Structures are given as structure tokens and as C-alpha cells.
Amino acid sequence: MQIHNLSKTPSLLDTFMSEIRDKNIQKDSMRFRRNIERIGEILGYELSKFLSFSEKNTETPLGTSNTKQYTNDIVLCSILRAGLPLHNGLLNYFDNAENAFISAYRKHIDNTNEFDIIIEYLTCPDLEGKTLLLADPMIASGQSIYATLEALKPFGTPKEIHLISVIGAQQGVDYINEKVGDNIHLWIANIDDELNNQGYIIPGLGDAGDLAFGSKLQK
Ligand code: URA
């Protein structure tokens with residue numbers, strides 16, 4: 001897997017990252033969602049440099065400009081529910097993307113820290129020959145995003161796959177790296193060192209789904 005960790009070069013992205021991690025600023029859930037969306041826009045812009053382009057003559061009021069347009073057919077897939085603000089950010093830039101949604105959650109095995117990944121809902125267009133962007137804001141163990149890649153296989157073989165994430169735990173990034181080939185790219189805003197035994201990234205930011213959409217009852 002080719003890992004593009006955008007934290008390696010300081011940029012405006014650090015401002016948004018600092019705000020989503022800040023326990024006081026996080027209380028403003030609209031700002032949290034909008035910052036995740038802005039991070040999605042930046043990650044989308046960065047990965048766009050790896051797309052295929054063709055030239056096009058565009059008529060301006062004063063002449064003809066030789067412009068470039070990407071030619072990839074993009075399918076944007078997000079893991080519900082935390083992926084939605086990241087999805088919106090990517091969709092802000094990839095205007096004509098087709099969309100796929102998947103629900104993947106951890107079902108804990110009684111009295112242990114072990115869990116299974118349960119996929120209950122999946123809607124996806126044909127992926128054959130297309131460019132798949134798979135958005136998951138928090139890569140903790142890496143099992144959800146990998147289970148999603150497996151679940152998407154019956155929908156066709158994409159020409160390219162880009163994984164997009166905000167924060168990953170090193171252990172989760174390593175897990176995916178071992179499972180997938182070199183042709184897959186990961187675009188990520190930062191990678192943290194630790195994962196605690198509840199599956200939270202440390203220092204991370206907490207529960208991205210709860211911060212964006214409110215807390216839920218555990219059943
Ligand atoms: N999902 C989250 O929302 N936060 C984490 O730290 C890990 C997974």
C-alpha cells in the first residue's frame with residue numbers, strides 16, 4: 001500500500017486537525033462536521049493529483065485555453081455513520097461521483113475485548129474499471145475498512161483504489177498494509193501511535209460518529 005500521510009508537511013490541514021481533536025472545540029458539532037468535511041476536501045484534492053487526465057480546449061470570452069480534466073469514473077464509498085461528513089467533503093470536489101454506502105460495526109463478543117465486524121447494509125454501483133474512493137475517518141484496528149473492501153468485491157474490480165481517512169492507529173494502518181497490494185493508496189491526515197483496549201485511537205479524538213451526530217444507546 002502506498003501511504004500518503006499528509007501530516008508530514010505542515011499546512012492548513014493542521015488547523016482543522018487541531019480543532020477536531022480539541023475537546024472544547026469538539027462540543028460544537030457543526031464545526032466538527034464541517035472540519036471533517038474540509039479535511040475530506042483537502043485529501044480529495046491531494047489524491048486528485050494521481051488521477052488520469054486528458055486535455056480539453058475551453059473557450060473563454062477572450063480566447064481558447066488548453067485545460068486538463070480528469071477522466072476517471074469515480075465511485076465514492078463511505079462507511080456509515082461516521083464516514084458521512086468525510087463523504088460530503090469528497091463529494092464537494094468530485095461533482096459527478098457515483099456513491100456507495102455500507103454499514104459496518106463492531107459486535108463485541110461477550111466479556112472479551114474481541115469483536116466481529118458486522119456488515120448489514122450495502123448499496124453500490126458497478127465498480128468494474130472505475131476509481132474507488134473508500135472513506136473511513138478513523139482507522140482503528142483496520143478490520144472495518146478491510147471487511148468493506150472484501151464486501152465490495154462482488155460489485156466488480158476497480159481500476160484504482162484510494163482509501164481516505166482522517167486519523168489512523170499505526171497498528172490499523174499496518175494491518176491493512178499487510179492485507180492489500182502496492183497498487184492501493186491510503187490518503188490520511190495523521191497516524192497516531194496507540195490503540196487502547198476499547199479500540200479507541202490514542203490520542204485520537206474520541207468517537208467520530210458521536211461527535212458528528214450525537215451519542216447512541218449501546219444495545
Ligand atoms: N472510531 C472512532 O470514532 N474513534 C476511534 O478512536 C476509533 C474508531
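Start at 1 and go down the list; that is how both ligands and their atoms are numbered. Being a predicted model, the structure only gives us computed values, none of them experimental.
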Identify the protein atoms, limited to N or O, that lie within less than 3.5 Å of an N or O atom of ligand 1, and list each pair with its distance to 0.1 Å.
unit_1	atom_1	unit_2	atom_2	d
ligand 1	3 (O)	A208	N	2.7
ligand 1	4 (N)	G206	O	2.7
ligand 1	6 (O)	I201	N	2.8

- Gap separating the CG atom of N72 from the CG atom of L132, nearest 0.5 angstrom: 12.0 Å
- Note on the structure: Residue set satisfying ring pair (Phe, Tyr, Trp, His ring centres under 6.0 Å) with F50, at least two apart, ordered chain then number -> H4, H185, W187
- Between F94, Y45, Y93, which is the residue that forms a ring pair (Phe, Tyr, Trp, His ring centres under 6.0 Å) with Y70? F94
- Are L12 and I20 connected, step by step, through hydrophobic side chains (Ile, Leu, Val, Met, Phe, Trp, Tyr) whose heavy atoms are closer than 4.5 Å? yes
- Task: Scan residues 197-217 for pairs that pass ring-ring contact (aromatic ring centres under 6.0 Å, His included), counting only residues two or more places apart or in two chains.
- Result: none
- Message: Just to verify, what does F155 make a ring pair (Phe, Tyr, Trp, His ring centres under 6.0 Å) with, not counting sequence neighbours?
- Response: none
